[in-house]
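Quick note: numbers below take in every heavy atom, side chains included, and nothing from hydrogens, waters or symmetry partners. Proteins come first, then strands; the chains are lettered A, B, ... in the order of their sequence lines, and each starts at number 1.
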2 protein chains.
Amino acid sequence: MRRPTLEAVAARAGVSRATASRVVNGQTTVAPQIRDAVLRAIDELGYVPNSAARSLVTQRTDSIALVVSEPPTRVFSEDPLFSTVIRSASLELETVNKQVVLMLASSAKSHARVERYIAGGHVDGVMLISMHGADPLPSALSRLRVPVVSYGRPAVPVDIPYADNDNVGGAETAVRHLVEQGRRRIATIAGPQDMIGGQDRLTGYRNVLRDSDRRSIVAVGDFTRESGAVAMRQLLGDDPQLDAVFVANDLMAVGALQSLRQAGRRVPDDVALVGFDDIEAAKYTEPPLTTIRHPVIEQTAAMVRLLLDLFEGLPAEPVVLPTELVIREST
Amino acid sequence: MRRPTLEAVAARAGVSRATASRVVNGQTTVAPQIRDAVLRAIDELGYVPNSAARSLVTQRTDSIALVVSEPPTRVFSEDPLFSTVIRSASLELETVNKQVVLMLASSAKSHARVERYIAGGHVDGVMLISMHGADPLPSALSRLRVPVVSYGRPAVPVDIPYADNDNVGGAETAVRHLVEQGRRRIATIAGPQDMIGGQDRLTGYRNVLRDSDRRSIVAVGDFTRESGAVAMRQLLGDDPQLDAVFVANDLMAVGALQSLRQAGRRVPDDVALVGFDDIEAAKYTEPPLTTIRHPVIEQTAAMVRLLLDLFEGLPAEPVVLPTELVIREST
DNA sequence: CGTTACCGAGAGAGCGATCTCAGGGCTGGT
DNA sequence: ACCAGCCCTGAGATCGCTCTCTCGGTAACG
């Protein structure tokens, strides 16, 4: 009742195990006639290679962990970031016949589990997506001598290749755009400051404001829509005269738009708004949102390529993708 | 430079491989002194058992696939269903030392990959969550002789144990509640009719309407907030006199509330509203939503237990959990 | 003191694949 | 006709672990 083995296939086809193995692995050095016999046997028996046995000798598993080191509430939130990364990483790796295994690592306990799982050789490599500074996983995993790459620059300095987008530059572009529009009092709704993206985008904002001799007006959100709405109300209270806001992500910008509307401010006449990410929803707000495009799919592809390079023993240097200003009607 | 093997641990501790193995697996028949020596060796070498080798002989992997057979847009939508199932299944299985491997099976191509992955023995069992009728996975997997359980009754009749909630009964309770409130024209916003939950909840609605001699008024959504808003507008157009709506899930109910407000109808004075699922957001709507509690965590736990029963060779019968009316202020 | 019982430890056979190496059969060149 | 060389195929080792079986040693009992 056990699943058929290669042995059984070989016996049925009247060849040796070695030959059957060659056929299974698509080697060309097999006579067509024998090849067909083996294929028929495989088909008749419904043979599928035992992955454990194969991994044992090849030292490969052809599966790759995507470790999402965030509380599930964020992973499965309105923000399409994680889902896009998961989906495009899967797609990208399918083309090279590798399977993505998604693992959530929210608590400290699950960190340990993830570490053990990876140390146990279940996967050939790890893609890490983790935005929080305190995260112990990047360094822990890089110690395991397993190929590891990261989506986004790890918050702790650790020597693993990563693919990032130019958060600082993007934020600078956004704010410079507002300056060029003649806006005088430019506020920002920053992201959480324990996330690298939140920090970098705030840095970009500060850089331009300093250079253009303006006062910075900062409220901090947590990248959710609701927090954007709250932060906007707060900003309006702090400085009713503000005439522009750079919001660190589009989701918060959607919330901010809502608050602006409730406060009776017209966008962009009274207040101009620039977001960050260029999520789908940014096209459908009222008015459509000027934003900085965050190339998630390309960045994911770059990360996957880094990992594949590591497999090949090639040098893998961090990649930082450029961002791009997308002008719509909110400025 | 290879990872240390049990052999190395045994050598360092001055014992045989078998004894080292006993210690690793927590067998008690080892003298404390030797045990400590082995543990020390493990620690010093940083030994972690090779999972492929272990699986090869034990025929177990201690990991379990959670196959989500839905387009990613739904999986990672506002609806907390999937995330809750994923999280609580992980939690539940951690207690028995098993790892959940999440696999998305959206396209036909990824179905094939998932099947191969599972047939290859990567996992000991499969938990399937799939709402669509046309889904070929339930039957495909059940043919593989791998233990399979399902979250929710599979749409195609196939002999795999499942844990479901009482969709028909819940819908009946909801509509009966509206009848008892003296509502005369009770409409429904149904879920997609290619999903079992969508079908069953519509059936429940129809059952009660038939028994109470009322006319049914149906609009169909797709379980998203937006579709609920659209469906509500449509219902108001179809029958401006309606005084109650049963909405097949809370997310659509949130959208419906929005449309009702825009149309100037007061809830519950003009129109009473009952949702389904009792998601967190239902508590925070204006007014808070009367709904039917869908016990997601319990249902997931029941599903996990079914799978564990299958592992033990115990009989595993489908489980249907009762739902419960939660009365808030929308009725 | 001898015998039985039992407990703890080691030897060795697998688990199911891959892969190296050697050898048999052909082809082709001389 | 002979031999070199190539192409296929098969034998057998190996990956790292578990688990059964065996055996040495000590305790218990008569």
(request) Answer with base, sugar-phosphate or nothing: what part of the nucleic acid does B/V15 contact at a heavy-atom distance below 4.0 Å? (result) sugar-phosphate
(request) Find the distance B/R17:CZ to D/dC19:C1' and express it as a whole number of Å. (result) 11 Å
(message) Nearest whole Å is fine: how far is C/dG16 C1' from B/R54 CZ?
(response) 18 Å
(request) Would you kindly check whether a donor in the side chain of B/R22 faces an acceptor in the base of C/dG10, or vice versa, at under 3.5 angstrom? (result) yes
(request) Can you check whether any acceptor in the base of C/dG8 is under 3.5 Å from a donor in the side chain of B/R35, or vice versa? (result) no
(request) Let me know, please, whether A/A18 or B/S16 comes out on the 5' side of the other along DNA chain C by nearest nucleotide. (result) B/S16
(message) Rounded to the nearest 0.5 Å, what separates atom CG in A/L91 from atom OG in B/S106?
(response) 7.5 Å
(message) Checking side-chain polar atoms at under 3.5 Å, does B/S142 have a donor or acceptor matched by the opposite partner on B/S139?
(response) no
(message) In whole Å, I'd like the distance from the CZ atom of A/R3 to the P atom of C/dC15.
(response) 15 Å
(request) Send over the distance from B/Q27 CD to C/dA9 P, rounded to a whole Å. (result) 11 Å
(request) May I ask you to evaluate whether A/N50 reaches the phosphate of C/dC15, defined as a side-chain N or O under 4.0 Å from OP1 or OP2? (result) no
(request) With rounding to the nearest 0.5 Å, note down the distance linking CZ in A/R22 to OG1 in A/T29. (result) 5.5 Å
(request) Please report, rounded to the nearest Å, how far the C1' atom of D/dC17 is from the CG atom of B/D62. (result) 14 Å
(request) Take the protein atom CG of A/L56 and the nucleotide atom P of D/dT18, then report the distance between them rounded to whole Å. (result) 12 Å
(message) Side-chain N or O of B/Q59 versus OP1/OP2 of C/dG16: is the shortest distance under 4.0 Å?
(response) yes
(message) Can you tell me if B/T5 touches the phosphate of D/dG16, counting only side-chain N or O atoms and a distance under 4.0 Å to OP1 or OP2?
(response) no
(request) Step by step, work out the side-chain hydrogen bond (donor to acceptor under 3.5 Å, both in side chains) result for A/Q99 and B/H122. (result) CA-CA 11 Å; A/Q99 174 66 45; B/H122 276 101; over 6 Å; no
(request) Could you tell me the separation between the OG1 atom of B/T58 and the CG atom of B/D124, rounded to the nearest 0.5 Å? (result) 8.0 Å
(message) From CG of B/L45 over to P of D/dC17, roughly how many Å is that when rounded to an integer?
(response) 12 Å
(request) Examine C/dT18: is either OP1 or OP2 under 4.0 Å from a nitrogen or oxygen in the side chain of A/S21? Give yes or no. (result) yes
(request) Let me know the distance between CD of A/Q33 and P of D/dT9, rounded to the nearest Å. (result) 9 Å
